[in-house]
Amino acid sequence: MPIPLQEGWLYGPVDSRRYGRSLGVNPLPVDRKLCSLDCLYCQYGFTRTQEVAGRAEVPSAQELKIAFREEFERLAKADDIPDRITVAGNGEPTLHPDFFSMSQSLAEARDDFFPGATLGLLCNGMHLHKPDVLEAIQTWYDEPAIKMEWGTPECFASLYQVSPKGYDRVLAGLEALDSFVVQALFVKTPAVDNSSDLEVAGWLKHLDHFKEKIRNVEVYSIDRPPADAAKAEIVGKERLEEIAQQAMDLGLNVEVFTR
Ligand code: SF4
């Protein structure tokens, strides 16, 4: 079963498998998922199911600015200092209509209350063609992590249940970024297996192409069960390590996260 949506604009700090103690930011609706992909493995369940579940009211950049400063002040007074602030939330955060201002307010609040905290972003890469999204990522985020876990447009389309045209769009967006982290989740389903030799070979070609811009590569499999209908299966530690080794052989810094 999928996990419930985040019920607020800020959550945590929580201990994250990938990022240590992390404060989460959800700049999206609190009563439904808002995403441009429909990943078979999404921890929040299928996008199309979630779309009828709520009103999709997105908080304004001004509301978020106030919330950041109030909550950061409260945490600082309680001496509960996050190592990292990660923008993710109930879907794709760059869909926030004022993503640039929201990100600027967050970075400024971070500088004022937790100057040592890294500002991270989990992003599906589908909106990098928008100048304000690109500028926000380049200007305000220390570690933008972009989803890139496929070798072919067919795998992209099956895994994310969208048009294969998104494949070229994401690759074009990555060309425009100066530096990014690769998020690569490997999963097997009856519809698609992005851990197959064919997909991994294509994925390695992408990594090689973007090698100079990639800060590190995060390799993992599903942690939480997605929608039952996806019938998604975990990719085991041994295969993840094999895949990671091939990426390391390109000279990349790779981390493998397993249970
Ligand atoms: S991009 Fe993230 S939030 Fe959107 S469907 Fe995929 S896993 Fe879920």
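All ligand and atom numbering here is 1-based and tracks the order in the structure.
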For [Y], is there an ion pair with [X] - N to carboxylate O distance below 4.0 angstrom?
X      : Y      : result
Arg21  : Asp80  : yes
Arg69  : Glu73  : no
Asp208 : Lys205 : no
Lys65  : Glu108 : no

Considering only heavy atoms of [X], which atoms of ligand 1 have at least one such atom less than 4.0 Å away?
X      : result
Leu37  : 5 (S)
Gly91  : 3 (S)
Asn124 : 1 (S)

Task: Tyr141 and Phe99 aromatic ring geometry - parallel, tilted or perpendicular at 30°/60° bounds - done: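 Ring orientation, 0 to 90° scale: parallel.
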Task: Heavy-atom nearest option to atom 1 (S) of ligand 1, drawn from Cys35, Cys42, Ser36 - done: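 Residue with the shortest heavy-atom distance to the ligand atom: Cys35.
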- [ ] Kindly identify the option in Lys33, Lys147, Glu92 whose heavy atom sits closest to atom 2 (Fe) of ligand 1.
- [x]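 Residue with the shortest heavy-atom distance to the ligand atom: Lys147.
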Task: Heavy-atom nearest neighbour in the protein, as seen from atom 6 (Fe) of ligand 1, with distance rounded to 0.1 Å - done: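 Minimum-distance protein heavy atom for atom 6 (Fe) of ligand 1 reads Cys39 SG, 2.3 Å.
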